[in-house]
Undergrad: 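Pasting a structure here, questions to come.
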Amino acid sequence: MEENAASRGMVTSEMLLLDCGCGSGNYLKAVRPLVKTGTGLEFNEGMIAQAVGKFPPGSGVEVVQGSITDMPFGDGSFDAALTT
């Protein structure tokens, strides 16, 4: 992420991150302290419930239901994305 941020003239701590197919939120939880905000995109309702449970209100994380083939976000909404 540092290279991505540097190539955009940013610092990692100011990045808006999208975790595509975030599942239960494990990777999002691991990288969340490094970025300004994290958004998880997940299709499966059961996984969304698990992910939401890991992030208290005000944590800078939002988990959204949707598909990576039809994302509910506008172009340029995030500085970086990850998928595992």
Undergrad: Would you find a donor on one side and an acceptor on the other, under 3.5 Å apart, between the side chain of T83 and the backbone of C20?
TA: yes
Undergrad: If you count the non-hydrogen atoms of other residues, nucleotides and ligands that lie under 6.0 Å from CZ in F55, is the total more than 12?
TA: yes
Undergrad: Please tell me if the side chains of T37 and V61 come closer than 4.5 Å, counting only heavy atoms from C-beta onward.
TA: no
Undergrad: Do S59 and K54 have side chains that get closer than 4.5 Å, going by heavy atoms?
TA: no
Undergrad: Identify the heavy atoms of C22 and V63 that sit nearest to each other, and give their distance.
TA: SG-CG1, 4.1 Å
Undergrad: Does one hydrophobic cluster hold both L16 and I68, with members joined at side-chain heavy-atom distances below 4.5 Å?
TA: yes
Undergrad: Can you see which heavy atom on P72 is nearest to which on V64, and at what distance?
TA: CG-CG1, 4.0 Å
Undergrad: Just so I know, are the side chains of L17 and R32 near enough to count as touching, which here means a heavy-atom distance under 4.5 Å?
TA: no
Undergrad: What heavy-atom pair brings L18 and M71 nearest, and what distance separates the two atoms?
TA: CD2-SD, 3.8 Å
Undergrad: Locate the shortest heavy-atom distance separating Q65 from L41; write the atom from each residue and the value.
TA: C-CD1, 4.1 Å
Undergrad: How long is the straight-line distance from CG of L34 back to CD of E2, given to the nearest 0.5 Å?
TA: 7.0 Å
Undergrad: Please check if atom CZ in F73 has more than 12 non-hydrogen atoms from other residues, nucleotides or ligands closer than 6.0 Å.
TA: yes
Undergrad: Ignoring hydrogens, what is the shortest heavy-atom contact between L82 and D19? Give both atom names and the distance.
TA: CD1-OD1, 3.3 Å
Undergrad: Do M47 and L28 sit in one hydrophobic cluster, given that two such residues count as connected whenever their side-chain heavy atoms are within less than 4.5 Å of each other, even indirectly?
TA: no
Undergrad: Looking only at heavy atoms, which two atoms of E42 and I48 are closest? And how far apart?
TA: O-CD1, 3.4 Å
